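Right, one structure below, let's go through it.
Values in this document were obtained by computation on a predicted structure and should not be read as measured data.
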Amino acid sequence: MTRIITQADASTLQAVKDMLLKVDPDATFESYDETNYLSKEDQKNLKELLEADDRGEIEYISLEECEAEIDAYLKSKTLGA
């Protein structure tokens, strides 16, 4: 995935899109404004996470617990290698 930030006008962007679609017909494009900076996929993922949280399906742990779990995991991978 490539992220391009530009101030190009709409006609220039359309020309670039048209050229890219000739090379890669499966290419997709997303635009963001300052009030809506999440992609449609990210918005969907966030909505799913919020709904799971509302249902109590997400377990939260402290930073210390997270670090301990990561350390234990990395030690197991290092010793098991």
Nearest heavy-atom pair of Thr6 and Leu13: which atoms, and what distance? CG2-CD2, 3.8 Å
Taking all non-hydrogen atoms of both residues, which atom of Leu21 and which atom of Ala27 are closest, and how far apart?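 Taking Leu21 first and Ala27 second, the nearest heavy atoms are CD2-O, 3.7 Å.
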Could you check if a side-chain atom of Lys75 sits within less than 4.5 angstrom of a side-chain atom of Thr78, using non-hydrogen atoms only? no
If you apply the rule side-chain contact (heavy atoms from CB on, under 4.5 Å), what do you find for Gln43 with Leu46, and how did you get there? CA-CA 5 Å; Gln43 289 176 32; Leu46 179 58; 5.8 Å; no
How long is the straight-line distance from [atom2] of [Y] back to [atom1] of [X], given to the nearest 0.5 Å?
{"X": "Lys47", "Y": "Asp42", "atom1": "NZ", "atom2": "CG", "value": "15.0 Å"}
{"X": "Ile61", "Y": "Glu67", "atom1": "CD1", "atom2": "CD", "value": "10.0 Å"}
{"X": "Glu57", "Y": "Leu49", "atom1": "CD", "atom2": "CG", "value": "10.5 Å"}
{"X": "Glu65", "Y": "Glu59", "atom1": "CD", "atom2": "CD", "value": "8.0 Å"}

Tell me, with the steps shown, if Leu74 and Ile70 meet side-chain contact (heavy atoms from CB on, under 4.5 Å). CA-CA 6 Å; Leu74 291 175; Ile70 291 170; 3.8 Å; yes
Does any donor atom in the side chain of Gln14 or Ser11 lie under 3.5 Å from an acceptor atom in the other side chain? no
Linking Ile, Leu, Val, Met, Phe, Trp and Tyr by side-chain heavy atoms under 4.5 Å, what else ends up with Leu63?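 Members other than Leu63 - counting any ILVMFWY side chain reachable under 4.5 Å - there are none.
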In the hydrophobic clustering (ILVMFWY, side-chain contacts below 4.5 Å, transitive), which residues join Met19, or is it alone? none
Tell me, yes or no, whether the heavy-atom count around Glu51 atom CD, taken from other residues, nucleotides or ligands under 6.0 Å, exceeds 12. yes
Are more than 12 heavy atoms, taken from residues, nucleotides or ligands other than Lys44, located less than 6.0 Å from that residue's NZ atom?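 At most 12 heavy atoms, drawn from other residues, nucleotides or ligands, come within 6.0 Å of this atom.
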How would you list, by chain and number, every residue that makes a side chain to side chain donor-acceptor pair (under 3.5 Å) with Tyr73, sequence neighbours excluded?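 Result, side chain to side chain donor-acceptor pair (under 3.5 Å) vs Tyr73: none returned.
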Show your reasoning for whether side-chain contact (heavy atoms from CB on, under 4.5 Å) applies to Asp53 and Tyr60. CA-CA 10 Å; Asp53 183 53; Tyr60 295 94; 2.9 Å; yes
